[in-house]
Amino acid sequence: MCIVGDLHGCYDELIEVLKDGKGIILSDEEIPTVTLNPNEKYIHHILIGDIVDKGSPEGVEKLIEFIYKNISFFTIIKGNHEDHNYKVLTGMIK
């Protein structure tokens, strides 16, 4: 497994990690689709929080779209930034 933390909207950096012999192939679409590479051992990725905030809005949006599109290739653990945004969006805090 590959554990990645504190992405903070760094879409390009996550894509580079995924390309590094992790047993997957990325399509050529703007938001790529992940498929298994039959010639490499697959390594599952665990994203340990802080996917949002601090990065550019475009990077955060693209990162969320990519993860959502390919959710079966990731395990996601909510971080404090996701928790804070949830509380703001649901009105628990202002």
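Source: prediction; values computed, not measured.
In this structure, the side chain of K22 does not engage the main chain of H44 through any donor-acceptor pair within 3.5 Å.
Atom CG in L63 sits 6.0 Å away from atom CG in L14 (nearest 0.5 Å). Taking CZ of F66 as the start and CZ of F73 as the end, the distance is 9.0 Å to the nearest 0.5 Å. Considering CG of L89 and NE2 of H84, their distance stands at 9.5 Å, rounded to 0.5 Å. Between the CD1 atom of I43 and the CD1 atom of I24 there is a distance of 9.5 Å, given to the nearest 0.5 Å.
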Tell me, with the steps shown, if N37 and Y42 meet side-chain contact (heavy atoms from CB on, under 4.5 Å).
CA-CA 7 Å; N37 182 342; Y42 169 66; over 6 Å; no
side-chain contact (heavy atoms from CB on, under 4.5 Å) assessment of I77 paired with L47:
CA-CA 6 Å; I77 299 171; L47 307 179; over 6 Å; no
For the pair D50 and L7, evaluate side-chain contact (heavy atoms from CB on, under 4.5 Å) and give the outcome as yes or no after the intermediate values.
CA-CA 6 Å; D50 299 346; L7 285 167; over 6 Å; no
From CA spacing to verdict: side-chain contact (heavy atoms from CB on, under 4.5 Å), I67, I51
CA-CA 10 Å; I67 293 169; I51 293 168; 4.0 Å; yes
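Counting heavy atoms of neighbouring residues, nucleotides and ligands inside a 6.0 Å radius, atom CD of E61 does not exceed 12 of them. Counting heavy atoms of neighbouring residues, nucleotides and ligands inside a 6.0 Å radius, atom OH of Y86 does not exceed 12 of them.
Residues L26 and T35 are not in side-chain contact: their nearest non-hydrogen atoms beyond the backbone lie 4.5 Å or more apart. Between T75 and H45, every side-chain heavy-atom pair lies at or beyond the 4.5 Å cut-off. A heavy-atom distance below 4.5 Å is not found between the side chains of C2 and I46.
The cluster map of Ile, Leu, Val, Met, Phe, Trp and Tyr, joined by side-chain heavy atoms under 4.5 Å apart, puts I3 and I15 in different clusters. Hydrophobic clustering of Ile, Leu, Val, Met, Phe, Trp and Tyr side chains at less than 4.5 Å, counting indirect connections, keeps I25 apart from V17.
Legend: residues meeting side chain to side chain contact (heavy atoms under 4.5 Å, CB included) with T33, ordered by chain and number and at least two apart, are S27, E29, K69, N70.
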